[in-house]
Amino acid sequence: MKRLLAFALMTMTVAAACGGGAGTASPSPSAAATSAAPSKTAAPTAAAVKVGLVTDVGGLNDKSFNALANQGRLDAEKDLKVQTSVTESKKQEDYVPNLTNYAQQKYDLVIAVGFLMTNATWKVAKQFPDVKFAIIDGAPANDKGDTENLPNVANLFFKEQEAGYLVGVIAATMAKNKVGKATHNTVCSMGGIPIPPVDRYIAGYQDAVKTVSPTTTILNGYSNDFVDQAKGKEVGLNHISKNCDILFQVAGASGLGYIQAAKDKGVYAIGVDADQAYVAPGTVLTSALKRVNKAVYDTIKAVVNKTFKAGDNSFNATNDGVGYGTLDPAVPADAKAAADKALADIKSGKITPKDAVQVK
Amino acid sequence: MRQPSFDWTQGPAIPVVSVLFALVLGGLFVWISGHDPIQAYAALFRGAFGSPYDVSETLVIAVPLLLAGLSVAVAFRAGLFNIGAQGQLLVGAVAAGWVGALWPDLPGILLLPLTLAAGVLGGAAYGGIAGWLKAARGVNEVITTIMQNYTIVFVMHWLLQNGPMQAPNAFGTPASAPIGAGAILPIVLPDFLVPSSRLHAGIVLALLATLGFWFLLWRTSLGYELRAVGLGMRAAAQAGIDPRKRMVIVMAIAGGFAGLAGMIQVSGLFHRVYDGFSAGFGFDAIAVALLGKNTPVGVLLSALLFAAFSRGGTLMQSDAEISSHLVEIVEALVLFVIAAETVVRAVARRWGRPVKAAS
């Protein structure tokens, strides 16, 4: 009996707590109205274009790839008066339903961020031929794994090797001249997993080092992860123990651990995708930029202007799709000059950075 | 103390109260972050159950959660803490993906059972190792199963990244070759009912497994022995049940459930194995089993709840612009409250006594 009574007491207490919670919560709509769903309340014009963005498992806070794509979405929302929305994928299982969700709601453009969604995009784009899709870093791939271009899918490719080449020139110049903490004439790189967009960065980087400073030792490794910073740090510490003093990360959030290792041990690092100078000032020399935000923005703009182009769309040094980021004061003027010359040479076609990794 | 006529702590009260409490507290977080909790939960609910397609997607997520939840629950019943459902799921997936792609031209009537057996046996063998280590060497299963989770992840890196299982043409991503058509679980909802549904026959297997879980534990002598070991190892040994032998068996059974989950993800959803496959189901499963109090119906319901959280949370983000991580906060709060159950019990007993004294 007493237990029943205790239970009744408990229930009442909880009910009261629930009531209280709801009570305190109810005045919030006034506060929420300003901040919640600005895109929904932004009074879309009659034919406002609706854009949905689906991130890969890296999530919006990867300070890199997905964050950049989201930046492009937000810029477009502001400038182009489009209505936008974003969904984060937590597992690979989520890609198909997340893309389908936007397609079912008749969004005009659904953007899949990342190479991992090639098959998911193919599946969904085939089912919704009236919806336009864009996939960053990939082309739709059918169930056999073969690329199968679709009339409603734009494939947004980047020449990562060009960005890798530019930072490689800076690294090689500094290693060759033993500038600052770079005293061992050894440079390294770390990828997430060996997929083509990652390897293109590394290939360009290695190509530049071999060209600019053939005597420099090159090491490469993979963290086998795009999320776990601990794994990135482990590879970083290992590289540093082998005399690396310039570490180029191509591993999303996992690469932040690689940079952390460089910071802890007092050597240099190079960021990727986004401008990562802020991650560790004094450690991050520069970043290999892949302007995913520009690709997203341009694609949304193309849909608004009805100039959407299915199939391959290339973003490269010539159209400012790739480049290098903020330079740390540690980078000497001759290294910057060399990078700028390389940039001009790539634009003029005098240099074509390699896209295959030489040092595995 | 006398035997109570009705012990509410054994019923659904605590899980239900935990979930409500977590939802209220989670709502508070939404409110602090400057959003409307009612709107958030409405979006969450719509995301999980708003349309037939949403329901079918929720069920797609519930299937592996349910099976991995049964894996954790069966071990709990025998007094073991299986943190390794995730690893066992992956072993099941790898085994099923390997067998399914080994003879792609076999007819379904042969290939599907073979794939199924590979997944279940793979998971069972992996779980059995942890059970054996505990029985023979006294190594705590919590430690070994956690370690096993990492081992299989790295084995998968090796297998799938330029290793023996990587398909030459798998989107350039580390993935295995597709399984044969015969190994694929059919979609159970036709297109005219729910367009583009992904709900596959794995749900039938999962429900059968739930039934099997109940039958095993409460209708067989092995199940009786397992529960006896779980309630008190020494007492069970006194009664002539060798607890060490049962440890191996129950960990193998637990691994079998999780392995089935992995097999179903391969045969029902992906039709191949990816590196980074089905992340996290095995860990959510611990929460599912705890919330479900290791009963078949409880695990079924809490798998549905967590699946609804997962599916709804994603939609909450796109519809209401509230971070889908909120759902993770609510899930954590549920766990927190459940973990505090002993405290709640103690408090409830305290309350009980003065009431009796007064009456």
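As the structure is a prediction and not an experimental result, all values here were calculated from the model. Per chain, numbering begins at 1; letters A, B, ... match sequence-line order.
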Provide the closest heavy-atom pair for [X] versus [Y] in the form atom of the first, atom of the second, distance.
X        : Y        : answer
B:Glu328 : A:Lys90  : OE2-CE, 3.0 Å
B:Tyr53  : A:Val96  : OH-O, 4.4 Å
B:Ser196 : A:Gln104 : OG-NE2, 3.9 Å
A:Lys91  : B:Asp284 : NZ-OD2, 4.2 Å

Heavy-atom distance under 4.5 Å to chain B: side chain of [X], backbone, both or neither?
X        : answer
A:Tyr102 : side chain
A:Leu60  : side chain
A:Gln127 : side chain

Contacting moiety of B:Pro64, where chain A heavy atoms sit under 4.5 Å: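 The answer is neither part of B:Pro64.
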
About how many Å separate [atom2] of [Y] and [atom1] of [X], when rounded to the nearest 0.5 Å?
X        : Y        : atom1 : atom2 : value
B:His157 : A:Asp225 : NE2   : CG    : 6.5 Å
B:Phe270 : A:Gln92  : CZ    : CD    : 6.0 Å
A:Asn101 : B:Arg311 : CG    : CZ    : 5.5 Å
B:Met316 : A:Thr87  : CE    : OG1   : 11.5 Å
A:Ile193 : B:Leu160 : CD1   : CG    : 10.0 Å

Top contributor to chain A interface from B:Arg198, B:His271, B:Glu57 [non-hydrogen pairs under 4.5 Å]: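 Of the options given, most contacts go to B:Arg198.
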
